[in-house]
Amino acid sequence: MSYLQGDKPISITRLLAMHAEREKITMLTAYDSTMSALLNRCGIETILIGDSMGNVIQGHSCTTPVTVEQMVYHTECVVRANTHAFLITDLPFASYGDPVQALKSAAAVMKAGADMVKIEGGGDWQVEIIRYLVERAVPVCAHLGLLPQSVHLLGGYKVQGKSKDAATIMLEQALACQEAGAQMVVLEAIPSSLGARITSEVHIPTIGIGAGPDCSGQVLVLQDMLGISPGKPPKFVKNFMEGRHSVEAAIKAYVREVKSGKFPGLEHGFAG
Ligand code: KIV
């Protein structure tokens with residue numbers, strides 16, 4: 001919990017240094033001020049204002065209804081209580097289909113206080129969007145593996161990168177996103193072995209969610225790790241409220257377990 005030793009906000013430079021020093025990076029989602037303040041108190045280094053907001057706040061079954069205006073609103077809510085954490089905001093579905101639209105969407109969430117934007121996918125067109133944004137001073141986190149914004153195309157929430165060919169393509173996409181200027185990549189629902197392989201081949205931090213223990217850091221949806229999301233949780237989720245009496249204790253346990261490598265365990269990962 002190095003940043004708690006000083007007052008400085010976490011910068012991308014600090015996150016890259018942590019990655020170089022092999023210190024695990026902690027990330028959780030938040031969408032409001034109360035949780036933003038709590039995550040800061042508990043030592044979380046990065047907060048993701050995720051478009052999972054569409055599921056957990058708005059009650060949709062997917063993230064596609066979420067708008068840029070809503071991401072701006074929730075970013076502003078998180079920013080007001082943020083003291084230290086590095087803030088990443090999702091650009092929602094169909095808000096970065098071409099470079100001009102992507103810059104307009106990114107500018108809106110950056111002006112609201114985001115430190116970085118996240119976009120889903122590593123195909124040729126997304127790589128060009130990343131390059132365009134980075135050249136215009138917008139820091140970008142890529143997102144590969146299971147892409148929730150593509151759920152209708154994928155036919156459901158399924159583990160990605162299981163075949164040899166799919167794994168090779170994903171590794172190539174991670175390298176292409178990095179080459180285009182992405183400074184971080186989220187890897188969602190892929191075999192643990194592929195999470196390890198991508199992490200060893202790129203030099204930017206990888207943040208796993210169902211991508212095994214070898215990623216540079218971990219992220220979960222806050223409501224999932226508190227065990228309050230309705231329905232059966234995905235395999236990669238651990239309920240940190242179990243055996244604890246406060247939300248603060250649960251979040252602090254998450255920070256400890258990510259830092260020590262205890263979370264994620266083998267049981268939270270996928271085989272190749
Ligand atoms: O929107 C979100 O919360 C995300 C995580 C699942 C990584 O993108």
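This is a predicted model, so every value here is computed, not measured. Because only heavy atoms are used, hydrogens play no part in the values below, and waters and symmetry mates are left out as well, while side chains stay in. Residue numbers start at 1 and run along the sequence shown. Remember, it's 1-based here, ligands and their atoms both numbered in the order they're listed.
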Could you check ligand 1 for N or O atoms lying under 3.5 Å from protein N or O atoms and list the pairs with distances?
residue, atom, partner, partner atom, Å
ligand 1, 1 (O), Asp51, N, 3.1
ligand 1, 1 (O), Asp51, OD1, 3.1
ligand 1, 1 (O), Ser52, N, 3.0
ligand 1, 1 (O), Ser52, OG, 3.3
ligand 1, 1 (O), Asp90, OD2, 3.0
ligand 1, 3 (O), Ser52, OG, 2.5
ligand 1, 8 (O), Lys118, NZ, 2.8

[Y] and [X] side chains, donor-acceptor separation under 3.5 Å:
X      : Y      : answer
Gln223 : Ser229 : no
Asn40  : Thr83  : yes
Ser216 : Thr206 : yes
Gln70  : Gln58  : yes

**Derivation and outcome, salt bridge (Lys or Arg N to Asp or Glu O under 4.0 Å), residues Glu45 and Lys259** = CA-CA 11 Å; Glu45 286 121 2; Lys259 290 283 179 200; 2.6 Å; yes
**Prompt:** Does Leu38 have any side-chain contact (heavy atoms from CB on, under 4.5 Å) partners at least two apart in sequence or in another chain, and if so, which?
**Reply:** Met35, Arg41, Cys42, Val247, Glu248, Ile251
